[in-house]
Protein chains: 2
Amino acid sequence: MRLVTRDREATGERILAAAAELFAEHGYDQVTVRMIASAAGANVALVNRYFGSKANLFATVLITASTVTAAIEGDPAEMPSRLAEHVAHRLRTGASEPLVRMLDRAGTSPEIRAVLAARVETGLVDAISARLPGPQARERALLATVIILGAGSLRRLLGPEGLHDADLTVLEARLETAFRACLAPAGG
Amino acid sequence: MRLVTRDREATGERILAAAAELFAEHGYDQVTVRMIASAAGANVALVNRYFGSKANLFATVLITASTVTAAIEGDPAEMPSRLAEHVAHRLRTGASEPLVRMLDRAGTSPEIRAVLAARVETGLVDAISARLPGPQARERALLATVIILGAGSLRRLLGPEGLHDADLTVLEARLETAFRACLAPAGG
DNA sequence: TTTTCAAGTATACGCTTGTTTACTATCGTG
DNA sequence: CACGATAGTAAACAAGCGTATACTTGAAAA
């Protein structure tokens with residue numbers, strides 16, 4: 001029979017889930033291990049006991065976290081519209097995939113930045129450029145990443161009310177042309 | 001550091017300058033008042049004595065900090081190329097105006113976010129949209145702001161070495177088309 | 001010179017952080 | 001049952017933070 005009350009694995013997963021939720025919502029710096037433990041219904045010491053350190057827990061969360069693959073995968077010709085829809089939806093609702101949320105709420109400490117940078121490389125830049133035919137794939141992917149990250153920054157900075165007076169359908173349409181300009185095989 | 005004179009105003013300005021430098025370099029959260037005081041060659045207590053609080057000092061720095069006005073002002077038709085050059089130069093060198101650097105290293109505490117958001121509104125979004133003829137000026141300005149902020153995020157995340165293998169002249173050319181797509185009067 | 005007052009200093013307060021240490025409680029098993 | 005392994009707990013650790021206090025110093029006014 002599975003243990004209900006004293007289950008190390010289950011507790012560890014609760015901690016991991018709580019950490020993913022909180023990191024995505026508030027960013028690395030603003031989340032304390034006590035917040036994580038409280039949200040997971042676990043003792044503070046278990047966070048460090050099971051994951052070694054807060055930074056390591058964050059890295060574990062990042063590995064587990066999904067990416068924007070849904071918008072990236074598929075026909076490259078329609079990637080601009082998918083990305084535009086994804087970003088526009090993000091601007092509209094504030095919701096997004098955990099990875100992206102954590103990216104633009106990036107912690108400022110160097111060790112965290114490093115693991116985040118690696119994740120951006122693989123989860124965004126490389127993932128996008130791998131699907132781009134033609135030359136300058138990396139540069140084009142970098143620019144698309146710029147928009148994705150920038151939208152997160154703007155949303156975080158201005159909040160929902162800061163975008164209320166903006167027409168979001170207009171934003172989405174223009175986002176698509178912007179993505180298209182970034183991703184087009186022919187430059188300039 | 002030994003002072004030649006006891007000049008409150010000069011000391012205050014040294015603190016302000018040191019704070020501007022450090023905030024732009026490392027972001028609000030990572031900078032301590034002791035770092036500021038040390039860089040300014042002043043005592044720790046003077047920071048709070050002269051500026052009330054760290055948050056208030058940050059706000060003062062933000063007010064003093066210059067903006068990207070040089071790239072924004074001028075013929076709107078050439079704003080895309082000016083912005084692209086500005087952003088590309090930023091990606092290349094890592095140097096940028098204090099305001100923009102502080103923006104994408106935004107602190108995560110709510111009170112800091114508020115003053116930053118206000119500064120983005122006036123210094124970027126409003127400044128750009130005011131110079132845009134035609135409809136949807138705010139939406140177009142928002143998208144340009146997205147790129148500006150996103151470039152800062154990417155640069156911060158990947159660092160100089162993360163962009164070494166990318167052709168920055170290509171990036172600048174594509175940035176210009178992206179800005180043009182964002183800022184063009186005719187949508188879609 | 002003496003007085004005076006603000007500039008500057010040294011230090012510590014209260015708090016929060018991540019982390020660790022001893023301890024308790026509960027389980028499977030001999 | 002008893003016992004040992006271990007999940008979980010309570011508490012404190014050391015360090016760092018912003019901030020406040022009480023003191024010292026130096027230059028100008030008297």
Side-chain angles (χ1 to χ4, degrees), chain A residues 1-20 22-23 25-62 105 107-115, chain B residues 1-20 22-23 25-62 105 107-115:
Chain A
M1 283 291 282
R2 290 286 296 254
L3 298 179
V4 180
T5 50
R6 286 161 58 95
D7 189 334
R8 174 177 182 138
E9 189 181 353
T11 304
E13 284 175 3
R14 286 207 319 279
I15 292 174
L16 199 63
L22 287 168
F23 282 146
E25 186 64 27
H26 304 105
Y28 181 81
D29 292 333
Q30 297 300 301
V31 174
T32 70
V33 293
R34 284 169 178 82
M35 289 169 62
I36 297 172
S38 174
N43 189 275
V44 201
L46 295 183
V47 176
N48 282 282
R49 166 115 75 217
Y50 292 164
F51 293 94
S53 69
K54 181 191 177 187
N56 193 64
L57 169 60
F58 183 76
T60 308
V61 166
L62 263 197
R105 316 216 140 194
T108 39
S109 60
E111 55 175 343
I112 295 305
R113 220 198 50 184
V115 62
Chain B
M1 183 184 297
R2 178 132 159 76
L3 296 182
V4 284
T5 55
R6 288 158 55 101
D7 189 336
R8 175 179 181 137
E9 188 180 353
T11 304
E13 283 175 4
R14 286 208 318 279
I15 292 175
L16 199 63
L22 288 169
F23 282 146
E25 186 64 27
H26 304 105
Y28 182 82
D29 292 332
Q30 298 301 303
V31 173
T32 71
V33 294
R34 285 170 177 81
M35 288 170 62
I36 297 172
S38 174
N43 189 275
V44 200
L46 295 183
V47 176
N48 281 281
R49 168 113 77 214
Y50 293 164
F51 293 93
S53 69
K54 181 191 178 186
N56 192 63
L57 170 60
F58 183 76
T60 308
V61 165
L62 264 197
R105 318 215 139 192
T108 39
S109 62
E111 55 174 345
I112 294 305
R113 220 198 51 184
V115 61

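A, B, ... follow the sequence lines: proteins, then strands. Residue 1 opens every chain.
Distance CD1 (I15(A)) to P (dA7(D)): 12 Å, rounded to an integer number of Å. For the pair N56(A) CG and dG18(C) P, the interatomic distance rounds to 14 Å; values are reported in whole Å. When the P atom of dT17(C) is taken as reference, atom NZ of K54(A) falls 9 Å away, rounded to whole Å. Atoms CE (M35(B)) and P (dG18(D)) sit 10 Å apart, rounded to a whole Å. Rounding to whole angstrom units, CZ of residue R6(B) and P of dT24(D) are separated by 14 Å. Across the protein-nucleic acid pair, D29(B) atom CG and dC17(D) atom C1' stand 12 Å apart, rounded to whole Å. Distance N43(B) CG to dT25(D) P: 14 Å, rounded to the nearest Å. In this structure, CD of E13(B) is placed 14 Å from P of dA7(C), rounded to the nearest angstrom.
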| What do the steps show when you test T32(A) against I36(A) for side chain to side chain contact (heavy atoms under 4.5 Å, CB included), and what is the final call? | CA-CA 6 Å; T32(A) 70; I36(A) 297 172; over 6 Å; no

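Side chains of L16(B) and Y50(B) form no contact here, defined as non-hydrogen atoms less than 4.5 Å apart.
When atom types are taken as modelled, the side chain of T60(A) and the backbone of N56(A) share a donor-acceptor pair closer than 3.5 angstrom.
Side-chain nitrogen and oxygen atoms of T11(A) include none within less than 4.0 Å of the OP1 or OP2 phosphate oxygen of dA7(D). Taking only side-chain nitrogens and oxygens, Y50(B) never comes nearer than 4.0 Å to OP1 or OP2 of dA7(C). For S53(B) and dG18(D), the shortest distance from a side-chain N or O to OP1 or OP2 is not below 4.0 Å.
When each of dG8(C), dA7(D), dG18(C) is scored by its nearest atom to the side-chain atoms of R8(A), the top-ranked nucleotide is dA7(D). The side chain of N48(B) lies closest to dT19(D), out of dG8(D), dT17(C), dT19(D). Across dA10(D), dG18(C), dA7(C), the shortest atom-to-atom separation from the side chain of A45(A) is found for dA10(D).
Judged by a 6.0 Å distance limit and a 45° cone about the ring axis, K54(A) is positioned over the six-membered ring of Y28(A).
The CG atom of D29(B) sits 8.0 Å away from atom CD1 of I112(B), with the distance rounded to the nearest 0.5 Å.
Counting distance only, with no hydrogens placed and no angle test, the side-chain atoms of R49(B) and the base atoms of dT21(D) include no donor-acceptor pair under 3.5 Å. Donor-acceptor pairing under 3.5 Å, judged by distance alone, is present between the side chain of R34(B) and the base of dG18(D).
Across all strands, F51(A) comes closer than 4.0 Å to no nucleic acid atom at all (heavy-atom distances).
Projected onto DNA chain C by closest heavy-atom contact, A55(A) and V44(B) fall at different nucleotides, the more 5' of which corresponds to V44(B).
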